[in-house]
Amino acid sequence: MILESLIKKRGPIKKIGVIGMGYVGIPAASLFADSPVFERVYGFQRDSPSSGYKIAMLNRGESPLKGEEPGLEELLKKVTAAGKFQCTSDFSKIADLDAVTLSIQTPFLNKDDLRPDFSALMEGIRQVGRHLQPGMLVVLESTITPGTTKGMALEMLEQESGLVAGKEFALAHAPERVMAGRLLKNIREHDRCVGGIDEVSTKRATELYVPVLTVGKVIPMTATAAEVTKTAENTFRDLQIAAINELALYCEAMGINVYDVRSGIDSLRGEGITRALLWPGAGVGGHCLTKDTYHLERGVQVLGKGSLDYPENEPSLYLLARRINDFMPTHMFRLTADALKRAGVPLKGAKVAVLGWAFLANSDDTRNTPSEPFRNALIREGAQVTVHDPYVAEYPGVPIVSSIEKAVKGADAIVIFAGHHLYRGLDAPYFKNLSRKKHPVIIDGRNLINADTFIQCGFIYKGIGRGDKNGHVIVEK
Ligand code: SAJ
């Protein structure tokens, strides 16, 4: 009863804080601020050397996210001009708020022993705990190991604040479901799983999200169910990608085109038949699919300790899927090495142009990009690698050229790694001229080019899943 009356006394949520000004926090804070239901939103950002610059940018109504984010810049300008949104590093302002959300990265320290790196999240939780007031709501939006909300987070908040969760403050998990390139759309239109540590917390957290949902609706559940829902939905996506990647490898080995097979399978419809076929490719990157499987695995290890019934000595299907998707950059390396061998070009000293450094098509997001292990493998063999990406200006330790001509000029091999629009339908004769090679190599990791036009131009072509072309006769020009 205590929490309910504290919340009643506090009244409707009016002032909100969002901790973590990144791909999740910035659009979330802008949408909260744009809602007439809420009066004021603070975006909290540590004034650190690496990311302190965001504070001034955001307060000028500018987005620090470089990729294409439809509507975000305009919305930021609107809510800062209206004085409804302010970014600050003064965490003491949390004490004046009704609700605080945390959108902080939760990478893994070590995948083998499934140890997550919660250091940044814990720092954020500590900041909230220090300024937490009775009747406030705390929501974790980051993807977390099942059991974290009712475990580590609850304990730390109680320790720092001296308040009791579920009695003196509300606590919930409402996992983000955003994708670079459509951040605002995803928050407005995807259903939102909202899992409180108790019903009062779920109800209070629902009050926070309903005003920003235009198409989506709130799906209430427990905190642990929300944690499993989020980690499992990414694990399943990773599994679906691994399934089609494995099929692509099989098709290469059998000399057939995986895309013919894919559209064949996809043609089976009706009677409730769904074929959630995704796309094979050069690898799986990003901050989500590359780690959420490990969060789920750790969750069942901790929460399911001693009660999981599973086939003896059989590996987790999900962890196997991770290994298959992590293998794809190695496969791209082997395709490149084989093709260069066909061209009579040794790997040592070979000039290789990598097209695409971002992990996702048409975005600047380079987190866990699959292009990196590929480039490292080539450099280990003594190849000279040039990287091009229209969206990524810089990356620590990797020079990125902005002109595709500069990257491809004199190249022995051109390797397409990201599905950027710019790389769709590359002009074969033009790139042949740029390479100035008799038989330049082209490796298509995202099925973006027409294999025949390149082969007819004298290229040595290889593509993921293209067993029908990978052994083609070399056309003498
Ligand atoms: N990929 C493929 N084949 C596909 C789809 C993707 O190889 O058919 C690759 C992409 O190239 C990329 C990686 O997988 O390297 C991840 O791509 P993604 O489209 O899954 O992008 P994410 O990781 O930003 O988004 C996922 C989404 N999760 C689900 O759809 C279940 C998104 O909804 C989540 O919000 C996001 O993770 C997250 O933040 O968790």
Side-chain angles (χ1 to χ4, degrees), residues 245 248-249 251-252 255-260 279-283 328-347 349-358 361 370-371 374-375 377-379 381 383-390 400-401 403-477:
N245 275 336
L249 299 173
C251 287
E252 286 180 37
I256 56 173
N257 180 352
V258 71
Y259 297 95
D260 293 345
W279 299 94
M328 297 313 283
T330 304
H331 181 58
M332 285 291 283
F333 170 80
R334 291 177 182 168
L335 289 177
T336 308
D338 292 353
L340 283 169
K341 200 163 170 204
R342 290 196 80 193
V345 177
L347 260 177
K351 285 199 178 133
V352 179
V354 175
L355 303 186
W357 195 254
S371 307
F374 172 75
R375 175 179 178 271
L378 283 170
I379 288 175
E381 297 300 323
Q384 295 168 38
V385 184
T386 309
V387 175
H388 170 264
D389 195 298
I400 298 190
V401 297
S403 114
I404 196 169
E405 283 75 14
K406 205 165 160 206
V408 171
K409 200 167 176 208
D412 297 294
I414 302 165
V415 183
I416 300 172
F417 240 87
H420 297 327
H421 284 319
L422 180 71
Y423 302 146
R424 274 185 193 286
L426 294 178
D427 179 63
Y430 178 68
F431 283 89
K432 176 88 185 294
N433 276 340
L434 276 175
S435 76
R436 292 201 302 275
K437 296 288 183 304
K438 188 160 186 293
H439 295 300
V441 160
I442 180 109
I443 309 294
D444 189 353
R446 300 286 173 187
N447 202 41
L448 297 185
I449 62 165
N450 179 312
D452 291 329
T453 53
F454 279 77
I455 292 170
Q456 289 316 313
C457 252
F459 276 84
I460 293 174
Y461 165 94
K462 283 192 186 285
I464 294 274
R466 298 303 306 269
D468 59 323
K469 297 293 177 190
N470 289 358
H472 68 84
V473 175
I474 299 175
V475 175
E476 297 303 336
K477 275 285 172 191

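This is a predicted model, so every value here is computed, not measured. One-based numbering along the sequence shown. As a basis for the values below, the full set of heavy atoms in this structure was taken, side chains included, without hydrogen atoms, waters or symmetry mates.
Using a 4.5 Å heavy-atom threshold, the side chains of D444 and K462 count as separate. For the pair P370/M328, no side-chain contact is recorded, criterion being any heavy-atom separation below 4.5 Å from C-beta on. H439 places none of its side-chain heavy atoms less than 4.5 Å from the side chain of V345. The side-chain heavy atoms of V415 and L355, taken from C-beta on, include no pair separated by under 4.5 Å. At least one side-chain heavy atom of T336 sits less than 4.5 Å from a side-chain heavy atom of F374.
Considering all non-hydrogen atoms of both residues, R342 and N470 come closest at NH1-O, 4.0 Å.
Atom CZ of F459 is separated from atom CD1 of I442 by 5.5 Å, given to the nearest 0.5 angstrom. Rounding to the nearest 0.5 Å places CG of L426 at 7.5 Å from CD1 of I414.
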- Task: Show the numbers, then the answer: is there a salt bridge (Lys or Arg N to Asp or Glu O under 4.0 Å) between K438 and E476?
- Result: CA-CA 8 Å; K438 188 160 186 293; E476 297 303 336; 2.5 Å; yes

- Task: For side chain to side chain contact (heavy atoms under 4.5 Å, CB included), just list the numbers for W357 and H388, CA-CA rounded to whole Å, side-chain angles, deciding distance to a tenth of an Å, and then say yes or no.
- Result: CA-CA 7 Å; W357 195 254; H388 170 264; over 6 Å; no

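Taking the six-membered ring for Trp, H472 and F454 have ring centres at least 6.0 Å apart.
At least one donor-acceptor pair closer than 3.5 Å links the side chain of K437 to the backbone N or O of G410. Checked by atom type and distance alone, the side chain of K469 never pairs as donor or acceptor with a backbone atom of A451 at under 3.5 Å.
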